Protein chains: 2
Amino acid sequence: MSSATTPYHHGDLKNALIEAAVTLIEEEGVDAVSVRAVAKRVGVSPGAPFRHFESRTALLTAVAEVAMARLAQAIDQALAQAGGQSALTQYMALGRAFLDWAFANPTHFRVISSRALIDFDGSGLAAANHRIRDRMRALLQQALDDGEIRNVTVDDAMLATRALAYGLARMYVDGQMQSWDVEPAQGLQMAHRLLDEQVMRLA
Amino acid sequence: MSSATTPYHHGDLKNALIEAAVTLIEEEGVDAVSVRAVAKRVGVSPGAPFRHFESRTALLTAVAEVAMARLAQAIDQALAQAGGQSALTQYMALGRAFLDWAFANPTHFRVISSRALIDFDGSGLAAANHRIRDRMRALLQQALDDGEIRNVTVDDAMLATRALAYGLARMYVDGQMQSWDVEPAQGLQMAHRLLDEQVMRLA
DNA sequence: ACCTGAACACCGTTCAAGT
DNA sequence: ACCTGAACACCGTTCAAGT
């Protein structure tokens, strides 16, 4: 356990691996996150991670849980700041928080969005997503009750805004903005505007 | 050149490789498309494809061009059928053709949408996308001139509908429909409805 | 001109052996 | 209980050698 020597037993390899993977993913993208590269970064043999994660998918799922927690926190924060304002305003704040986070963390966004890279349903991810969805639904229901929106069902409105927000975020992370005449640097601002406009057209 | 023996020179290896990759991608997804697997399927050595494609990316780009041509054809057909109807109706038909194609060809859709797997700008893909975009713009301009839509710029309307359509299609191919309370089997119908509604709210 | 087959540096994953 | 290191079956890519 001395700090100078590297002990045979790492101590907290599991968390060290997750941390290394989170960093590697931010720096070099998902493709760079091989089990071997993560092991090397932590200073451990190629097979060692498999004592803690049964597969690369399981490791990436752990990374996705960290990413999702950060997204949830960003949304919580935005909603706390919008507290006291109208339900529809809070709903737009939630949408903007989602866009901000996705544009700022493209690779993490990509990881939590995929179903091929991670085990979404067999992890805490589905539940975390559920909580966000429930918040959206509650705000929309409130907006409907308050007469802020009309001529839509809560479910339709929710799916329409979520699909638009997801589409805008993905167009950005997939590098498609330029193909549609939007400068990538203006992407976020544009996404904010289009989402706001769509929500306001529900009125 | 006899049909019974396999000659040393394939003859049309390039096209055979593209064809095999297109099929493999439909049957087993993008990840299954390794250069080696495609070579094996065509009955050729692992290094042979590199005589015709400088990298896996180049091979996938060729596949993407086939896929994009099919999408363009589907759109052409839909517009031909909607000929004579109002500009906004034609615009919706184009959107539905995009959704139909993406839902029916999830893996091809994924390939043409990515910028990591293929070389979008250094191929015919950018130009093909350009043509679709120009069609959309022209129809929206016409709808605006005819008073079918109001209170929007052509560019905003185009990006909003494209982002919504892309978001809906991606939610489907990324397996996210269920996480948002939509049965995958109902996804396409739902996507149609939400896109139609969004376009009609531009009126 | 085009293809083979060995080679190199990578993967994910497994597992006996070491500590 | 946890990690090493060799091994296996894969990759993409290169290149001398064969046809």
Side-chain angles (χ1 to χ4, degrees), chain A residues 1-21 24-25 27-64 107 111 114-119 122, chain B residues 1-21 24-25 27-64 107 111 114-119 122:
Chain A
M1 285 296 187
S2 73
S3 56
T5 64
T6 55
Y8 197 88
H9 291 74
H10 183 280
D12 192 16
L13 183 53
K14 182 164 184 167
N15 283 311
L17 290 166
I18 296 173
E19 241 179 72
L24 199 58
I25 231 172
E27 289 173 356
E28 303 182 43
V30 209
D31 292 346
V33 181
S34 68
V35 175
R36 295 178 100 108
V38 173
K40 196 171 195 176
R41 186 180 257 258
V42 173
V44 98
S45 77
F50 290 91
R51 194 74 29 190
H52 302 279
F53 299 98
E54 74 177 333
S55 63
R56 177 176 186 258
T57 300
L59 174 56
L60 286 176
T61 302
V63 170
T107 316
V111 172
S114 96
R115 295 291 182 277
L117 255 29
I118 61 175
D119 179 14
Chain B
M1 285 298 189
S2 72
S3 55
T5 62
T6 54
Y8 196 90
H9 290 74
H10 183 281
D12 193 15
L13 184 52
K14 181 163 184 169
N15 284 310
L17 289 167
I18 296 174
E19 244 180 70
L24 200 57
I25 231 172
E27 288 173 358
E28 304 183 44
V30 208
D31 293 347
V33 182
S34 66
V35 175
R36 296 178 98 108
V38 173
K40 196 171 196 177
R41 186 179 257 259
V42 173
V44 97
S45 76
F50 290 92
R51 193 75 26 190
H52 301 279
F53 299 99
E54 73 177 336
S55 64
R56 178 177 186 256
T57 300
L59 174 56
L60 286 176
T61 301
V63 171
T107 315
V111 172
S114 96
R115 295 292 181 278
L117 254 31
I118 62 176
D119 179 14

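Note that this is a predicted model, so its numbers are computed, not measured. Per chain, numbering begins at 1; letters A, B, ... match sequence-line order.
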Partner nucleotide, any strand, of D/dA17 [Watson-Crick/G-U, under 3.5 Å]:
none
Side chain of B/Ala37 only, heavy atoms from C-beta on: which candidate in D/dG5, D/dC11, D/dC3 is closest?
D/dC11
Could you state the atom-to-atom distance from CZ of B/Phe50 to P of C/dA7 in whole Å?
18 Å
D/dC3, OP1 or OP2 - any side-chain N/O from A/Ser45 closer than 4.0 Å?
no
Any-strand Watson-Crick or G-U partner of C/dC10, both distances under 3.5 Å:
none
Give the C-alpha distance, both sets of side-chain angles, the deciding distance and a yes or no for side chain to side chain contact (heavy atoms under 4.5 Å, CB included) between A/Phe53 and A/Ile18.
CA-CA 10 Å; A/Phe53 299 98; A/Ile18 296 173; 3.6 Å; yes
Length of the CG-C1' vector between A/Asp31 and D/dC11, whole Å
13 Å
Please determine, for the side chain of A/His52, which listed nucleotide (C/dC3, C/dT13, D/dC3) has the closest atom?
D/dC3
Nearest-angstrom distance from the residue atom CZ of A/Arg51 to C1' of D/dG5:
13 Å
What are the two closest non-hydrogen atoms of A/Ile25 and A/Val30, and how far apart are they?
CG1-CA, 3.9 Å
Using a 4.0 Å heavy-atom cut-off, does A/Arg56 contact any base of the nucleic acid, only the sugar-phosphate backbone, or nothing at all?
sugar-phosphate
Side chain of A/Ser34: nearest nucleotide among C/dA7, C/dG12, C/dT4?
C/dG12
Interatomic distance where NE2 belongs to A/His10 and P belongs to D/dC2 [whole Å]
13 Å
